[in-house]
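I have placed the structure first, in the form of structure tokens, so that the comments after it can refer back to it.
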Amino acid sequence: MKEIEKAYEAKMYEDSIYKMWEESGIFSPKVDPNKKPFTISMPPPNATGVLHLGHSSMLALEDAMIRYKRMQGFSALWLPGTDHAGIATQNRVEKNLLAKGITRQDLGREKFLEEVDKFVEKSRGTIRSQIRKMGASCDWSRERYTLDEGLSRAVREVFSRMYHDELIYRGSRIVNWCPRCGSTLADDEVEYQEQNAKLYHIKYQVKDSDKFVVVATVRPETMLGDSAVAVNPSDDRYKDLIGKILILPLQGREIPIIADEHVDLEFGTGALKLTPAHSIVDWEIGKKHGLKEFQVIDEEGKMTKSAGEKYAGLFAKEAQKQIIEDLIEQDLLVKTEELANKLSVCYRCKTAIEPLISKQWFVSVDKPIIQDGDKKKSLKEKAIEVVRNKEIEIIPEHFDKTYFNWMENLHDWCISRQLWFGHQIPVWYCDDCSEVIVQADEPSKCTKCGSEKLTRDPDVLDTWFSSGLWTFSTLGWPERTTDLEYFHPTSVLETGYDIIFFWVARMILMTTYALNTIPFEKVYLHGLIRTREGKKMSKSNPESCIDPLDMIDKYGTDALRLSFLIGSTPGNDMRLYEEKIAGYRNFVNKIWNASRFALMNIDNEAFESPFTTDDIISRADKWILTKLQYLIKDVTEDMENFRFSDAGTKIYNFTWCEYCDWYLEISKGKHLNPKVLLHVLEDVLKLIHPFIPFVTEVLWGNLNKDKMLIAESWPVFSKDLLFVEEVEEMEILHQIISDIRSVRSEYGVEPGKKIHATIYSGKYKNFLEEKKEPLMRMARIENLTILESGDKIDHAVCVFVGNVEVYLPLQELVDVEKERARLQKELDNIKPFAKSLESKLKNQSFVSNAPEAVIEKEKKRLFEVQQQIEKFEKQLNEL
RNA sequence: GGGCGAUUAGCUCAGUUGGCUAGAGCACCUCGUUUACACCGAGGGGGUCAAAGGUUCGACUCCUUUAUCGCCCACCA
């Protein structure tokens, strides 16, 4: 017998429990050929960040999966780490420095990187401790960081292999350029913002003619770099002009009028000015027609010499103003329209993107390279194939459409970034013979001429290049480590659907290339966490924005975890608010108190010997054990199928509604069976442990266990513990008590007042005799008479439970009118139902088409319902 | 323009391959400190499952159309 605190205080236990787990070494699985591996690579949080709701929901889900599999006997590896997040981190540090009036250029590359490292070290410490706060049972001994030597080596190795396979090439192409970051961006790193733009209609004169073609543009400053004007070949307005020459205003350059299908007849004037150097679409059209490119804007967003002396050196915006003025002066501006369009901006700093032509490194996604049988497949084809043939399964399934759509439209991926922070590209240029040397390790001299004068490419790689290798670079690749052999491919990738493209797709591309295998078998996509109003959680509305650390402080980690797991389904966004978390805190406390009750009522010897079937005594025992078996079966299935919400809900209901409200209540007094009480509690603690690890572990510790709960094995469904008959009986008892309580309440019987009752029990006589005590206690009855059958009792309210008749002689309280109304209400309720069942069973097509089981069920129900009606009617008539 | 998702009780959400008179939590109403728990217990009210068609013996579930909201992709210069 033991007494624990009246309420669970999470703060008192969480840190020490985590410490106990971590120090025990259980987070670090061994490579064990006798066990099956189960692996999750934790999506590495950015090295800049603090824990937000997205992280905590991810951690709750992944930890639940890992703990479940660990308990099932898998060698479960959850590998944690952090991502250096190139642009984001560099921007952050630059901003911090700028507050002190220092630019990165002031420091120089080396010093600046030292600053970044200092910042990252601190930031990683924060995120590590916050991951621990969430109770994440990840293997810290295998923690990785994308800039670790090992991972960097993997990055260089992959780059080098891809280069020599001609999958990586350097070329001048149009790229998305962020003038603020001073770097290229990948296509999917560009975001769009709604804006109200002005559409300028500008006249271009046809050479040797007084005719004009009017073009419409929102960026008149790019006209200085125009190479042509395109019209749709089917556009009657311009048919005759195709092939003619125009004089480009302000520049005086001659440019052709060309025909291209791409031009939209409806938009603007139907004449499209082409600036191949500063528009991605124009560049593509330009390629088709062999147009020249004139770069008129440079990397800083300033006009170049090609823009003409008057404009050179001006920022694009300034140049625009000047150009408009100049056009007006020459009477070339026809009109200005308002236009709602989308501005492309950098996803990191929201600066307007400047498309321009630049020499960059690209990954070719279309070149056939991966050997697959006797065919060679491109990165893209292979990445599509492994999802299409279900080698990789996406949950929920419908996201594969999104994936295919993106993959099918994927263009070559620009991977070089003009940043300082990141993996520097493993390319060296020989200053003497111009040889390009690409290899994983730094060369000491030129492989061609032997010169030692080598210059390394200053650019770094896109962060997603290294993240793309995450599942295997973290396991030691390119070495053939035992970890890699054993734990890869990983089992599940759990992440938000918002980074399917950035990350999931790239991991698939990179892994199928580098290892010729998939990175993971399943992709579980969670939704975004939103405010109660359904808005995105952002610092701009602190009102409904929730900080997970505050919630942990207030309600405990378990409550927070449960609120992510219950009520959310894969791929769907979820609203989170404080009351929800408080509700789960209540549940955590309920479990605490159920255990408290057990501990107070069980003496030491019950803890000593393990539970066996010999310990089963009462029908209540059999009932709860049966229910427990179904729970184990259901929950295990749900966990296997990633239905965490269902699993959680079922355990919640079992624990609260069946174990606490009925089994424990019935157990009070003489009927308490410590062995069964304890056994059920133990299994419940095991089943819910992956969801709420802290409180369950604390309670487990109180049950005199020598092993930690985290290390226990998952409960197994046992047929020997199924007792169908007893379940039926217990449900009768349940119903009798509920009905009596209902009548009491309806008749306004004071809760404390005890009443008399007579039960005509039919075949349940023995059973009800056995349960007489709890029945009387729970329904507040004194003088309970149980007979097999008997005559109707006057001045008594009667309720029917199956064939059992319960009479409550409430004497003066029984009001004939009230009783009539009550019975009538029951009848009104039940009669239409009986009718629908009848007609259903009379329906020939139902009887011939529906499965046997369904028909039997309906027949049984009709029989029961008819009996009920009979009884109610008899009662009503005799009133 | 293309695609995806959502629409179920006042609120937040479940509802697995079609087969309970559609469920839970919160909120609400009535009552209550009976020796685990007021972070509690007992009882109760509340839904024509967005709309209309269709398939089926049977539709919240499948199909078509529509409406509203949300997201993603492509982009009109």
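Below, all heavy atoms of this structure are taken into account, side chains as well, without hydrogens, waters or symmetry copies. In the text below, chain A, chain B and the rest are named by the order of the sequence lines, each starting its count at 1.
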Protein heavy-atom contacts under 4.0 Å, written 5' to 3' over nucleotides 22-36 of chain B as B (base), S (sugar-phosphate only) or - (none), form the string ---S-----SS-B-B
With B for base contact, S for sugar-phosphate-only contact and - for none (protein heavy atoms under 4.0 Å), nucleotides 64-77 of chain B reads --------SSBBBB
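Using a distance-only test at 3.5 Å, with no hydrogens or angles considered, no donor-acceptor pair links the side chain of D638(A) to the main chain of R643(A). With hydrogens and angles ignored, the 3.5 Å screen pairs no side-chain donor or acceptor of S279(A) with any backbone N or O of P276(A).
Looking at residues two or more places apart in sequence or on another chain, you find a salt bridge (Lys or Arg N to Asp or Glu O under 4.0 Å) between K288(A) and D260(A). The salt bridge (Lys or Arg N to Asp or Glu O under 4.0 Å) check on E838(A) picks up nothing, with sequence neighbours excluded. Y747(A) meets the ring-ring contact (aromatic ring centres under 6.0 Å, His included) test with no other residue; sequence neighbours excluded. For H734(A), the ring-ring contact (aromatic ring centres under 6.0 Å, His included) partners are W662(A), not counting sequence neighbours. Partners of W283(A) according to the ring-ring contact (aromatic ring centres under 6.0 Å, His included) rule, which considers only residues two or more places apart in sequence or in another chain, do not exist here.
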Note, RNA chain B 5' to 3' with Watson-Crick or G-U pairs under 3.5 Å encoded as ( ), [ ], | and . gives (((((((..((((.....[...)))).(((((.......))))).....(((((..]....))))))))))))....
Taking N or O atoms only and anything under 3.5 Å, show me the protein contacts with nucleotides 58-61 of chain B, one pair per line.
none

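F642(A) and F644(A) have perpendicular rings, their planes meeting at more than 60° on a 0 to 90° scale where under 30° would count as parallel.
Within 4.0 Å (heavy atoms only), S836(A) reaches no atom of the nucleic acid at all. Base engagement by K650(A) is indicated by at least one non-hydrogen atom pair under 4.0 Å involving a base atom. Across all strands, P832(A) comes closer than 4.0 Å to no nucleic acid atom at all (heavy-atom distances). In this structure, R744(A) reaches neither bases nor backbone, as no heavy-atom distance under 4.0 Å exists between it and the strands shown.
The P atoms of C63(B) and U56(B) are separated by 16 Å, rounded to the nearest whole Å. Rounded to a whole angstrom, the distance from the P atom of G3(B) to that of A74(B) is 15 Å. For G45(B) and A50(B), the P atoms lie 24 Å apart once the distance is rounded to whole Å. A51(B) and C37(B) have their C1' atoms separated by 47 Å, with the value rounded to a whole Å. When the C1' atom is used for both A14(B) and C26(B), the distance is 14 Å, rounded to whole Å. The P atoms of G46(B) and G41(B) are separated by 23 Å, rounded to the nearest whole Å. For the C1' atoms, the distance linking C60(B) with C13(B) amounts to 15 Å, nearest Å. Across the P atoms, A22(B) and C39(B) are found 35 Å apart, a figure rounded to whole Å.
For R575(A) and U12(B), the shortest distance from a side-chain N or O to OP1 or OP2 is below 4.0 Å.
Taking the six-membered ring wherever Trp is involved, the centroid distance between the rings of F564(A) and Y584(A) does not fall below 6.0 Å.
Between E5(A) atom CD and C39(B) atom P there is a gap of 17 Å when expressed in whole angstrom units. Rounding to whole angstrom units, CD1 of residue I529(A) and C1' of C13(B) are separated by 13 Å. At whole-Å resolution of the value, CZ in F833(A) and C1' in C20(B) are 7 Å apart. The CD atom of E864(A) sits 12 Å away from the C1' atom of C20(B) (whole-angstrom rounding). The distance between atom CD of E397(A) and atom C1' of C4(B), rounded to the nearest whole Å, is 14 Å. The separation between N589(A) atom CG and C40(B) atom P is 7 Å, rounded to whole Å.
Across G19(B), G5(B), G44(B), the shortest atom-to-atom separation from the side chain of S742(A) is found for G44(B). Checking G19(B), C57(B), A42(B) against every side-chain atom of R741(A), the shortest atom distance belongs to A42(B).
With Y555(A) as the aromatic partner, R585(A) does not meet the cation-pi criteria of under 6.0 angstrom to the ring centre and within 45 degrees of the ring axis.
Of the residues in residues 558-568 of chain A, those placing a heavy atom less than 4.0 Å from an atom of RNA chain B are G567(A), in numerical order.
Remark: R532(A) engages E579(A) in a salt bridge, criterion side-chain N to carboxylate O under 4.0 Å. A salt bridge links E578(A) with K554(A): the distance from a Lys NZ or Arg NE/NH1/NH2 to an Asp or Glu carboxylate oxygen falls below 4.0 Å. Salt-bridge annotation for E858(A) and K840(A): present, with a side-chain N of the basic residue lying under 4.0 Å from a carboxylate O of the acidic one. For the pair K11(A) and E9(A), the salt-bridge criterion is not met [side-chain N within less than 4.0 Å of a carboxylate O]. Taking 4.0 Å as the cut-off between side-chain N and carboxylate O, D282(A) and K287(A) do not count as a salt-bridged pair.
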Please assess K535(A) against E533(A) for the test salt bridge (Lys or Arg N to Asp or Glu O under 4.0 Å), listing each intermediate value before the final yes or no. CA-CA 6 Å; K535(A) 295 202 182 108; E533(A) 294 74 38; 5.7 Å; no
Show me the side-chain donor-acceptor pairs of residues 773-782 of chain A shorter than 3.5 Å, one per line, residues at least two apart or across chains.
residue	atom	partner	partner atom	Å
E773(A)	OE1	R777(A)	NH2	3.4
E773(A)	OE2	R777(A)	NE	2.9
R777(A)	NH1	E665(A)	O	2.8
R777(A)	NH2	E665(A)	O	3.3
R777(A)	NH2	I666(A)	O	3.4
R777(A)	NH2	K668(A)	O	2.9

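Under the side chain to side chain donor-acceptor pair (under 3.5 Å) criterion, the residue pairs touching residues 588-598 of chain A are E3(A)-R596(A), with sequence neighbours excluded.
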